[in-house]
Structures are given as structure tokens and as C-alpha cells.
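Have a look at the structure below, then the notes.
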Amino acid sequence: MKLASSLVPHQWRLLKSPQLCLQAFIFSTANTSKSHTFWSPTLRQCRNLQTTVSPIVSSSYLPTSYITQKQIEIPTSPEKQPPPVQEGLGAFQKLPMVMPSIDLYCSALRKSKRVQPTKGIANIAKRERNRGAKQLDALMKELALPLKGYMESFPRKRLLHPYERSLIELTLGEGKYEEVLGKVDVLRKKVLSVGKEHASLCAKALSKKEAEERLNEGVEKLELVFQQQGKAVDDLLSIAKVLRAMPVVDLKMPTLCLVGAPNVGKSSLVRILSTGKPEICNYPFTTRGILMGHIDLNYQRFQVTDTPGLLRRCDEDRNNLEKLTLAVLTHLPTAVLYVHDLTGECGTSPSDQFQIYKEIKERFKDYLWIDAVSKCDLLGGSPVIYAKEDRSSDDAEIIKYRETGPDESIHVSVKTEQGLNELKSRVKEVLSIEMEKIKIGENDDQSVVVSF
């Protein structure tokens, strides 16, 4: 208010009009060449207004008096930069939309043709080479920028959650993900190299005809590059579709994983227990991937995972479907519902199922566990024994398994609904315990953070 009252009307007009203030400054400066002691009142007042210095901090102007030394961020050297942080689950749902290579090129070509030469160039040859160079530069950027965006938006595999890293390797193949991203980066660098080269040649053209020829040559060369190497973009599009279709797993939600040999009835139980709708057929490896469903119990939601079946063989000989099952059990906190089929219909003998069961339970012995014997309506009085089985080495444990399955197992039948209510109650009990374990883990993490 003191400053406003001290300004006379013509000084207010100068402050509101930058042009008048500049003219006053020029007039006063011209007068100072004759006498260094002369200052106009207006210029003196404008000089008095400059009382603070405002540096740029975090893309905004702040007065120096409001900034302490600790608040100013000083760029750190590459050696002192913090290591990259591992991403949580859900990275696949954040993948960008990838355009097909032909659409990407056509879109870039259309946009580049709209570029006009710089206004005010009278010479025809100069105007034409200016137009050609600008159009080639625009085409190069319209092609290279989306490719750069893909490279930055697709996560590095080493930073993914171990479960999603396993999904990439088992679904796409070892090294395929990095190979495709590498080819996209090679294409981007090639586009930049060719675009800059031909834009420079076009800018050096001596005539209108030569400038047009240079422009056409550059466009044809970039089109040829995309024809030869654009398949990498299409491969990246296919990878994005596959990964985006992967089921989303919530680590804060209890999970029940159904495990067992192929065709033992896991998918049928998933349909009964959850919202998942897997394919059900009478042949091995009906489940060709991870299927996720949900159970709602007492206003709480739980996850149910259907996994491909396991065969009796060592890990080195397992196919990618079996490795998907092991990846779920290894990398996700889950309870296990192991399904047994003692009728012989599944194609895996009870003896082999017993060996698989012992191996998996020993490997994941710390997990909450439920055993279910499916198709109990088909079980007769005598146990099923395959002709190829060697019974000479049978012990009491395997003989008992053929007859009743593991101890404390629940006998169920989807057809007659026998044992389903008991199974649902047991699942509810186990998932409630799993929920408590998750809550305890979250509280422990919070207490560690507070202690720091």
C-alpha cells in the first residue's frame, strides 16, 4: 500500500505498459551518456521495485529468501544415483498401446506431408529444399518418437516381480522379450540415422528439382527401412496383447491354488468354488495357462488359481505349462488345494500321483494345505492298479493311498455334490488363516518403516 501510494498516475501507466517502461529506460540511458548523475524519477522508481532475486527451483520461480540450502536439489553423479526399484505386480496392465508398423508409418507420412516451408522465402529453390528438409525431419521424428516411447514404457525384465518375470520367460520363451525390444531400438536408431542423412542432403540441394528428388529418395528409404525391420513393432504388439491378457494377482488378497496331475478335476472344482470359468475336457493339459477366479465369503473376496497339471518327471524335463504351476507356487503367497484322482480316468496312475504329491508337498511344506479326492462317486471297492505298474516295491503308504488318498483328505464329487459343503468350509477356514498371515506381514512391514 505504501508503494502504491507513492506512485503517481503516469508511473502507474508505465508499470502497466512494458513498452512505455522500455521507452523511459532508453530515454534515461541516453541522457546518462551526457551526465552520469541524472536519473529520471520513473526509472529510479522502477529500479527500486527489483528487490529480490528468484532462481528456478523444480521448474518454478521462488524467492531466494524462501529457499534454504537443503531444499535446492543438486544433480547427483551417475555413481551416486539410487539403484532402480523393482516394480510390483500389475506391470503388464500398464503396457502402452502399440500401433501396427504399417499404421505407424502411414500416420507419420500423413503428418509429415502437412509440413509447410518457412514463410518469407522468395527463392523457389531455397523454399523447396526448406520444405523437403522439414518434411523429412518431421517424418523421422513421427517414426522415432513412438518407438522411443515403447522402449521407455515397456518395463525392464530384471525389474519385474519374480512371478511376472517367470510368466514372460515361460509364455514368450527365454530371451524373446529382450530380443524384440532390442530390435525395436535398432529400428529407432536406423530411422534417426537415415532421416538425418537425407534431410541434410535435401537442405543442400541446388535446385527445386534436386530438392524434390532428395525428398522422394528420403521418403522411399525410410519406407524401405520400415518394410525390412518393421516386423519388430508387430512382434511387440503381439507381446503386449499376450502379457496384457495375463491374470492380475493381488498380493494383499489370500489365494487358493489348485494343484494336481492333468485331468484330475481341478477345473471342475474351480467352477464350483469361484467365479472362474475354465475349459473342462477329458484330455491332459486342458488348462493351458493360469486362470484366476474369485470367491466371496462373508463380504470378503479371495482369489482362486487354476494351474496346469504336473507329471512325474524332474524339473529339467517339465514343459512350460508345468513350470507355470511351479512359478505360481514359488513366487506367490498361496494356500494349496491338491486334487487327487484315484479312479484311473485322468491318465496318471495313483502311484505316479502319489510320487508327484510327495515331491510338491515336501517342496512347499510351509504352505497351508488341503487334500481333496475327486470323482469319489466312481470309486469302487477295489483300488485301481495300472497294468504297467510294478507292485513289488509297494509299501503300506502307497497301498493306503490307492484306497483312500492322503490322511484327512476330503472326498468330493461334482456330479453328486458329495463333500462339496465340507470342502467349501475347509477352504473358507484356510483362506481366513491366510488373510491373518497377510495382515500380520503388513503390520510387521509398517513397524519396520516406523523404526527407521
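All figures in this text were calculated on a predicted structure; none of them were measured in a lab.
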Checking [X] side chain against [Y] main chain: does a donor-acceptor pair fall under 3.5 Å?
| X | Y | result |
| --- | --- | --- |
| S200 | K196 | no |
| R312 | S349 | no |
| D341 | C346 | yes |
| E128 | K209 | no |
| T307 | L258 | yes |
| S432 | K428 | yes |
| E322 | N319 | yes |
| Y367 | L329 | yes |
| S193 | K189 | no |

- Message: Restricting to non-hydrogen atoms, name the atom on M99 and the atom on Y150 that form the minimum distance, rounded to 0.1 Å.
- Response: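 Closest heavy-atom pair between M99 and Y150: N-OH, 3.1 Å.
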- Message: Restricting to non-hydrogen atoms, name the atom on Q93 and the atom on R244 that form the minimum distance, rounded to 0.1 Å.
- Response: NE2-O, 3.3 Å
Salt bridge present between [X] and [Y] (N-O < 4.0 angstrom):
| X | Y | value |
| --- | --- | --- |
| K157 | E164 | no |
| K134 | D137 | no |
| D306 | K266 | no |
| R318 | D315 | yes |
| E362 | K358 | no |
| K183 | E179 | yes |
| E169 | R165 | no |

- State, with a plain yes or no, whether a side-chain heavy atom of L332 is found less than 4.5 Å away from one of L251.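 A side-chain contact exists here, since the closest heavy-atom pair is under 4.5 Å.
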- Message: Once salt bridge (charged side-chain N to carboxylate O under 4.0 Å, His left out) is applied, do any residues pair with E429, and if so which ones, sequence neighbours excluded?
- Response: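 Result, salt bridge (charged side-chain N to carboxylate O under 4.0 Å, His left out) vs E429: R426.
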- Partners of K119 by salt bridge (charged side-chain N to carboxylate O under 4.0 Å, His left out), sequence neighbours excluded?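 Counting only residues at least two positions away or on another chain, K119 forms no salt bridge (charged side-chain N to carboxylate O under 4.0 Å, His left out).
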- Message: Check for me whether the distance between the ring centres of H340 and Y357 falls short of 6.0 Å.
- Response: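 For H340 and Y357, the ring centres are under 6.0 Å apart.
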